[in-house]
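For reference, the structure discussed in these notes is given below.
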Amino acid sequence: MTERKVFIDDTTLRDGEQTAGVVFSNHEKITIARMLAEIGVDQIEAGIPAMGGDEKEVIKKIVDLDLPCSILAWNRAVIDDIKHSLDTGVKAIAVSIAVSDIHIQHKLRTSREWVIDAIKKSVDFAKSHDLYVSVNGEDASRADIEFLIEVARTAKEHGADRFRFCDTIGLMEPFKTYEIIKTIIDETGIDVEMHTHNDLGLATANALAGVKAGAKWVNTTVMGLGERAGNAPIEEVVMALKLTMGIDLPIKTSMFRELAEYVAKASSRTVPVWKAVVGANVFAHESGIHADGVLKDPKTYEAFSPEEVGLERQILIGKHSGTHALVAKFREYGIELSREEANQLLPLVRKTAIELKRALFDKELMLIYKQMKEGS
Ligand code: MN
C-alpha cells in the first residue's frame, strides 16, 4: 500500500461562510458537513467556537454527528479561544496568527517576539489537552522567510502537527509558492497545509504548486467560496491533482455537482455555467467541429467524463452547429434526417440562433423542421 500523499481539509463552513454576504443556517451547516463527510474529505473546518452562540452550538452538533472525518475548529492564538473549542468536543484545532510584518505592525500592533510567544503558549495549552494542532500563519505569503521558518520551527518544537501556509490576500504565483513551501519543509520538516486565495485566479495552481513542493494538506472550499475572490475549490483541486499530477484521492467526485448546487443555494448564489469542473457548460458542445468530435468519441474534446463529477453531456444546437449534431439531435426524437434535409435545415437553424442570440430549445428546432417540411 502506498502512503497517501495529500489530505483535504475543507473550510466551506469557516472561510466559506466568512464570505461577505454569506450566512448558512445551522441546518444547512449540518447538511454541508454530512455531504463533505460523504464525499470523503479528511477534515472539516467547522467554524469559530469563540464566536459563541449559534456558531459554537452547531460545531458541537457537527462533532456529535460522529462523522468519519476529523472536525477542526478555528481559533486565534489565544488560550480563551481554545477553551471555547474544547467545549465543543473537537479533537483538532487551528491556531491562527499573523506572521507578516505588515500585519504584525499595523493590525496586531505588536512585535515578532510577541507572535512567537503567543504561538508557544497556545500550542502548549492545546497539546496539554491532546488536540491535533495546525498553526496557521496568516499572511504568510508576505512574511519574511527567515521569520516564517522560525514560526514553523517553533510550532513544531512545541508539538504542533502542521503549519498552514496562508496566502491570505491571494498574491502568490505557483513558481514562488513552490520555492517557499520547499524551503519551509526542508528547513523544519513540519507537515504543511496550503491555504490559497483566488484574487489573481491562481488559488488552485498555488495549492498544486505547494503539493509539488511536498505540502501534505490542502484547505479547500466548495466552488471556491470564501473571502473576496474565494479559496481553492475542492472540485478543481481534487480533479487537477488526479489528472495533472496522478494523485488520485479517495474522494467521491461524482457528488461534486450536487454538492456545488447545495452550497450555491445555501449561499444565495448560482453555479456559474462556465465554472471549472462543475459548471453546466463544461460538457456542453455547440460548435460543429467539437460536437462532431464528441459524438464520435467524447475524449476528443473532454478532459474527463461528465459522470465523474455528476454532470451530463449536452449537445447544443445553435449558430455554430454542424449537420452531424443536427442528425444526432433529431435521432434523439426518432427522426432520421437525410443528408439533404440536414443541409437544408442548417442555415435556418443558424439564422434563428443569431436572431435569438442563443442556442435553440428542442421545441424551437422541431418547429423549424416542421415549417421546413411544410414549405418544401
Ligand atoms: Mn482565508
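Ligands are counted one by one from 1 in listed order, and the atoms in each one are counted from 1 as well.
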Connecting only ILVMFWY residues whose side-chain heavy atoms lie within less than 4.5 Å of each other, what is the rest of [X]'s hydrophobic cluster?
{"X": "Leu200", "result": "Leu202"}
{"X": "Trp274", "result": "Val273"}
{"X": "Val78", "result": "none"}

Can you classify the ring geometry of His129 versus Phe125 as parallel (below 30°), tilted (30 to 60°) or perpendicular (above 60°)?
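Answer is tilted, since the angle falls between 30° and 60°.
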Metal environment of the Mn ion (ligand 1), protein N/O/S under 2.8 Å
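Protein N/O/S atoms under 2.8 Å of the Mn ion (ligand 1): Asp15 OD2, His195 NE2, His197 NE2.
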Side-chain heavy-atom pair Val133, Lys127 within 4.5 angstrom cut-off:
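Counting from C-beta outward, Val133 and Lys127 do come under 4.5 Å.
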Run Ser141 and Asp167 through side chain to side chain donor-acceptor pair (under 3.5 Å) and show every step you take.
CA-CA 5 Å; Ser141 44; Asp167 182 16; 2.7 Å; yes
